[in-house]
Amino acid sequence: MLAAMACRRSVPPAALTLPAPSDAQLRDMLALAVRVPDHGLREPWRFVIVAGEARAELGRRLAPLYRAANPQMEPAKREKFAGIMERLFLASPMAVVVISRPDRACAIPVFEQELSAGAVCMNLMQAAHASGFGAMWVTGWAATHPEAAASIGAGEGERIAGIVHVGTAVSVPPERPRPDVAALTSFWAPPAA
Ligand SMILES: Cc1cc2nc3c(=O)[nH]c(=O)nc-3n(C[C@H](O)[C@H](O)[C@H](O)COP(=O)(O)O)c2cc1C
């Protein structure tokens with residue numbers, strides 16, 4: 001398990017191809033993904049799977065939303081990005097959209113519930129890697145613009161925590177520099193008098 005964690009790298013959607021996880025593999029991955037700390041047991045997350053033909057249909061809905069949201073943009077640039085939105089989900093064979101749905105009426109802070117959604121995304125990344133798949137956690141315009149997020153499946157009071165692309169990696173990027181953990185770590189001590 002430690003070895004798997006130590007060698008995991010995000011694989012960009014363009015380097016992800018078929019086969020996508022089977023129904024059984026997806027079910028197993030999602031079951032692992034939800035094994036996260038969840039203060040108050042609110043289950044403040046859920047999944048929307050975008051796969052197969054639905055990927056193109058969703059893109060056809062995102063592109064006009066992008067144009068409508070950017071009326072002032074230089075037309076050629078707008079068309080370029082609208083095209084990127086149209087092809088967004090076609091880049092990989094499957095995307096698992098993790099929706100954060102904090103319960104605002106309960107005593108658990110929304111921040112903690114959103115952290116739990118982030119933990120689901122990361123667990124899903126690890127589960128995909130351990131199952132032999134590549135994955136990448138992205139967000140971007142489609143995840144954050146309210147109408148785009150709604151068309152992907154985020155309802156009232158919900159936000160997209162991550163679009164996790166999953167598929168078979170044709171290549172894995174070389175390792176990137178990792179943070180200097182020692183420089184980021186301190187041991188608490190009382191302030192000097
Ligand atoms: C919430 C969140 C959103 C992200 N969104 C994007 C994104 O839209 N595009 C992108 O290229 N990387 C995005 N990233 C970064 C990648 O997921 C990833 O961290 C990066 O490629 C480093 O790869 P590694 O997992 O191998 O360290 C995001 C990361 C997080 C945590």
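All figures in this text were calculated on a predicted structure; none of them were measured in a lab. Excluded from the calculations below are hydrogen atoms, water molecules and symmetry mates; all remaining heavy atoms, backbone and side chain alike, are included. Read the numbers this way: they start at 1 and go in the same order the structure lists the ligands and their atoms. Numbering of residues begins at 1 and proceeds along the displayed sequence.
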Do you see a donor-acceptor pair shorter than 3.5 Å between the side chains of W137 and S10?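 Not at all, the side chains of W137 and S10 share no donor-acceptor pair under 3.5 Å.
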
Below 30° counts as parallel, above 60° as perpendicular, anything between as tilted: where do the rings of F81 and Y66 land?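 F81 vs Y66 ring planes: tilted.
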
Can you tell me how far the [atom1] atom of [X] sits from the [atom2] atom of [Y], to the nearest 0.5 Å?
X	Y	atom1	atom2	value
E86	E79	CD	CD	9.0 Å
M5	Q126	CE	CD	4.5 Å
L32	R27	CG	CZ	12.5 Å

Considering residues at least two apart in sequence or located in another chain, which fulfil the side chain to side chain donor-acceptor pair (under 3.5 Å) criterion with R42?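 Side chain to side chain donor-acceptor pair (under 3.5 Å) list for R42, sorted by chain: D103.
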
Strictly under 4.0 angstrom, heavy-atom based: which residues surround ligand 1?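 Residues within 4.0 Å of ligand 1: R8, R9, S10, M136, W137, V138, T139, G140, R176, R178.
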
